[in-house]
Amino acid sequence: MCSGRGTNLQAILDAARRGRLGARVAVVVSDRRRAYALTRARRAGVEARVLDPRPYRSRAAYDRALARLLAPYRVRLVCLAGFMRILSPGFVRRYAGRLLNIHPALLPAFPGARAVRDALAWGAKVTGVTVHFVDAQVDHGPIIAQAAVPIRRGDTEARLLARVHRVEHRLYPEAIRLVLTGRTRLAGRRVTVR
Ligand code: GRF
C-alpha cells in the first residue's frame, strides 16, 4: 500500500520479478489517485487499485473498505511502503503478524513523517532504516530488520534521503523474504531470525 512515489514498491516489484521474494505482488493499493506508485504497478503488470478516503465517515469505515478490497486477493502479507495513513486497530488486528512497514530512521529514534529531516536537525551522527511489524501505535511494532546510514558533515536533507532510500530498497525486499519464508519468530516485542 503506497501513497506516493513508490520507490520502495519498485524495489519490491524488481525483487519479485527476479524471483528474490519467493512471492509475487498481488495488488497495489493507494489512497491517492495520483500516486506514481500506481503507474509503477501497472507497468509491472500488477493490478493497481485506488481507495479514496473522502467518501468514508471514519477511519474505521475506510479501513473496513480496505479489508474488503484486499480480501479476494488472499494476500499473505500487507506491506506499507509510504502509505501515509494511520491504520485503525481493527485493520491492524486483522493482519497481525502479516502487516509490515518501512521507516526511514532507526526506531525508536525519529518516528513520524519527517524522520530524515528530524535526524539531520537533531545532529545525529547515524540514522538508518527500520522494517517492522505494524501494531496499534505508529512506528512502534516489533523490529524485523534495521540498517544504519551515517550522517556526513555537510549533508543536506536531499543527500541524506538519497542514501537512506538506497538502503531502504535493499532492506525491505530482504525483510519481506525473511517473513515469507518463515524465518522470523515473534515473541513479545522481539523478532528472532533463523
Ligand atoms: C520511505 O522513505 C519510507 O521509509 C517511508 O515513506 C517513504 C516512501 O517512499 N515510510 P517511496 O514512496 O517508497 O519512494
Side-chain angles (χ1 to χ4, degrees), residues 1-17 20-21 25-44 46 48-51 53 63 66 77-88 91-92 95 98-122 124 126-151 155-179 191:
M1 305 207 292
C2 308
S3 301
R5 292 193 311 150
T7 64
N8 280 283
L9 168 67
Q10 190 65 56
I12 294 166
L13 290 168
D14 293 347
R17 181 168 44 82
R20 295 208 184 129
L21 282 190
V25 180
V27 60
V28 171
V29 181
S30 181
D31 58 329
R32 299 186 190 167
R33 198 167 297 280
R34 291 154 110 67
Y36 188 66
L38 295 165
T39 304
R40 294 181 191 272
R42 292 188 196 104
R43 282 192 186 149
V46 170
R49 305 281 302 267
V50 177
L51 192 63
D63 288 1
L66 204 51
L77 276 191
V78 175
C79 301
L80 308 181
F83 189 64
M84 300 305 287
R85 288 181 59 85
I86 294 170
L87 292 164
S88 53
F91 189 93
V92 171
Y95 284 101
R98 301 192 292 141
L99 184 55
L100 268 56
N101 182 42
I102 185 160
H103 181 75
L106 292 174
L107 290 173
F110 309 116
R114 297 191 197 86
V116 174
R117 188 188 307 174
D118 290 349
L120 193 61
W122 192 262
V126 178
T127 186
V129 174
T130 303
V131 179
H132 64 94
F133 287 114
V134 175
D135 67 6
Q137 294 177 54
V138 175
D139 298 333
H140 177 272
I143 292 168
I144 301 163
Q146 286 187 308
V149 176
I151 299 180
D155 256 351
T156 59
E157 189 184 339
R159 279 165 58 177
L160 179 56
L161 189 64
R163 290 209 307 286
V164 166
H165 269 311
R166 276 202 293 281
V167 172
E168 287 191 322
H169 299 163
R170 172 180 62 75
L171 197 69
Y172 209 2
E174 270 176 29
I176 291 170
R177 184 188 170 86
L178 288 177
V179 176
V191 178

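When a ligand or atom number is given, it counts from 1 through the structure's own listing order. Along the sequence shown, residues carry numbers from 1.
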Pairing residues for Arg5 by the side chain to side chain donor-acceptor pair (under 3.5 Å) criterion, not counting sequence neighbours: His165
Where Thr7 and His169 come nearest, the two heavy atoms and their spacing: OG1-NE2, 2.9 Å
State the CZ-CG distance between Arg49 and Asp31, to the nearest 0.5 angstrom. 14.5 Å
Between Asp139 and His132, is any pair of side-chain heavy atoms under 4.5 Å apart? yes
Contact summary for Ile102 and Ala81, nearest pair of heavy atoms: CG2-CA, 4.5 Å
Work out which heavy atom in Pro150 is nearest to a heavy atom in Leu160; give both atom names and the distance. O-CD1, 4.2 Å
Less than 4.0 Å from some atom of ligand 1, heavy atoms are found in residues Arg5, Gly6, Thr7, Asn8, Gly82, Ile102, His103, Pro104, His165, Glu168
